[in-house]
There are 2 protein chains.
Amino acid sequence: MKDTRWLSETELDAWMAYVTATHLLERRVEEQLKADSGLTHAQYEILAKLSASPERRMRMTELAREVVVSKSGLTYQIGQLEKLGLVERTTCPSDERGVLAVLTDEGVRCLERTAPGHVAVVRAFLIDQLTPEELQAMARIMSKAAAVMTAAPGHSIEAPARRRGTGRRTALG
Amino acid sequence: MKDTRWLSETELDAWMAYVTATHLLERRVEEQLKADSGLTHAQYEILAKLSASPERRMRMTELAREVVVSKSGLTYQIGQLEKLGLVERTTCPSDERGVLAVLTDEGVRCLERTAPGHVAVVRAFLIDQLTPEELQAMARIMSKAAAVMTAAPGHSIEAPARRRGTGRRTALG
DNA sequence: AGGGTGTAGTTCAAATTCGAACAACTAGAA
DNA sequence: TTCTAGTTGTTCGAATTTGAACTACACCCT
């Protein structure tokens with residue numbers, strides 16, 4: 001790990017602009033959602049995923065993976081959304097352990113009511129700023145990055161505690 | 001606000017990929033930093049900004065604006081970094097109210113020690129995935145977006161002061 | 001069947017973030 | 001000078017997020 005390939009000027013420009021833009025955008029999105037609907041971005045993402053899912057329902061673990069949040073984080077948010085009547089919990093028919101998060105009709109209405117303002121912000125600060133070529137590039141770039149990270153090992157999304165690890169023998173061996 | 005301009009298929013692709021990639025990347029970055037140095041990404045960003053600043057010091061409010069975090073959030077993190085001996089607080093000579101966050105020598109060493117691993121992650125999951133054209137596009141896209149959001153009103157993070165000297169940049173971004 | 005291993009979701013404590021309220025200070029006008 | 005408005009950084013409480021520990025269930029192999 002001695003000699004590092006530092007970032008070139010352009011690479012640094014790209015990275016720093018990305019980091020800053022991402023923070024600013026998250027703030028704008030959060031601000032708009034909170035003001036117009038009382039939802040957080042995390043909650044909106046959950047509702048959106050559910051609404052795009054067959055039967056408007058999804059298993060907890062898969063949903064957590066989709067929105068890229070920890071299992072406990074999702075448990076919390078689904079709890080909040082349940083309180084609001086936007087989501088319901090159902091035990092999974094095929095797996096007694098499983099829980100299905102189901103978008104309620106109220107949830108659908110909330111989403112329909114909220115989406116326009118959300119889209120407007122995404123457009124105003126990102127999408128509408130881009131040329132068609134840049135839009136394509138962005139889709140390509142981000143898809144590639146997401147694919148690589150999804151494929152690469154070390155998914156911090158709940159690394160199962162590997163017990164028998166380092167090949168060391170225990171007293172039981 | 002009646003008829004919404006919904007996102008086209010490509011626009012939606014770009015946006016969704018962006019959101020997902022951003023979450024995944026944040027996780028990877030956070031994971032690496034925590035493992036290799038015990039720092040959070042927020043803390044790393046603060047150290048990096050300070051190190052690229054003249055005299056390695058910055059006013060709290062300006063620093064908060066630069067790293068795009070709330071004033072109270074910065075107060076908290078500077079407190080943490082102070083405990084770790086990586087940053088010190090100094091009262092601003094020219095303004096009795098002001099506080100200067102100053103990167104200590106220990107802070108510099110910590111950053112130098114941590115930067116290689118951080119850059120490696122940024123490269124592996126984002127930068128090195130891009131063609132030169134895509135890299136350019138990304139820099140352009142994100143700079144544009146950041147500029148628009150910085151300029152637009154409604155900043156929850158106040159934006160009075162004009163930016164002074166061209167804070168020099170290091171490769172630690 | 002009986003065990004052992006792995007998975008699904010929840011609970012818990014700890015860390016972090018934000019906004020509002022606040023105290024201290026600055027700056028401009030009268 | 002003195003008043004007034006605006007700025008600066010901190011404190012406080014509430015909300016959110018995470019990883020680890022835990023319970024309940026599923027699946028496989030003999």
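Chain A is the first sequence line, chain B the second, and so forth, proteins listed ahead of strands; every chain is numbered from 1. Just so we're clear, the structure is a prediction, and the values are computed from it rather than from any experiment.
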A:Met149/B:Arg27 under side chain to side chain contact (heavy atoms under 4.5 Å, CB included): CA gap, chis, key distance, verdict: CA-CA 10 Å; A:Met149 290 186 276; B:Arg27 235 159 216 288; over 6 Å; no
Verdict with reasoning, A:Leu100 to A:Glu62, per side chain to side chain contact (heavy atoms under 4.5 Å, CB included): CA-CA 10 Å; A:Leu100 284 167; A:Glu62 188 192 351; over 6 Å; no
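The side chain of A:Ser70 lies closest to D:dT18, out of D:dT17, D:dT18, C:dT17.
Looking at heavy-atom distances under 4.0 Å, B:Thr75 makes contact with a base. Counting non-hydrogen atoms under 4.0 angstrom, A:Gly73 reaches a base of the nucleic acid.
The interatomic distance linking B:Ile46 (CD1) with C:dT17 (P) rounds to 8 Å, in whole Å. The nearest whole Å value for the distance from the CD atom in B:Glu30 to the C1' atom in C:dT16 is 10 Å. Going from atom CD1 of A:Ile78 over to atom P of C:dA8 covers 16 Å, rounded to whole Å. Atoms NZ (A:Lys71) and P (D:dT17) sit 17 Å apart, rounded to a whole Å. Rounded to an integer number of Å, the gap from B:Met60 CE to D:dT8 P is 12 Å. Protein atom CZ of A:Arg89 is 16 Å distant from nucleotide atom P of C:dA8, rounded to whole Å. When the C1' atom of D:dG9 is taken as reference, atom CG of B:Leu63 falls 13 Å away, rounded to whole Å. As rounded to whole Å, 13 Å separates atom C1' of C:dC18 from atom CD of A:Glu31.
Within the 4.5 Å cutoff, the side chain of A:Thr61 has no heavy atoms near those of the A:Leu74 side chain.
For A:Gln80 and B:Val99, each mapped to the nucleotide of DNA chain D holding its nearest heavy atom, the one lying further toward the 5' end belongs to B:Val99. Annotation: of the two residues near DNA chain D, A:Thr40 and A:Glu96, the 5′-most nearest-nucleotide partner is A:Thr40.
Side-chain N/O atoms of A:Tyr76 include none lying less than 4.0 angstrom from OP1 or OP2 on D:dT17. For the OP1/OP2 pair of D:dT7 and a distance below 4.0 Å, the side-chain nitrogens and oxygens of B:Arg59 include no atom meeting the criterion.
Between the side chain of B:Arg97 and the base of D:dT7, at least one donor-acceptor pair of N or O atoms lies under 3.5 Å. For B:Ser72 and C:dG19, a side-chain-to-base donor-acceptor distance below 3.5 Å is present, hydrogens and geometry of angles not being considered.
The heavy-atom pair separating A:Leu63 from A:Lys49 by the smallest distance is CD1-CB, 3.8 Å.
Using a 4.0 Å cut-off between charged side-chain N and carboxylate O, B:Lys144 and A:Asp128 make no salt bridge.
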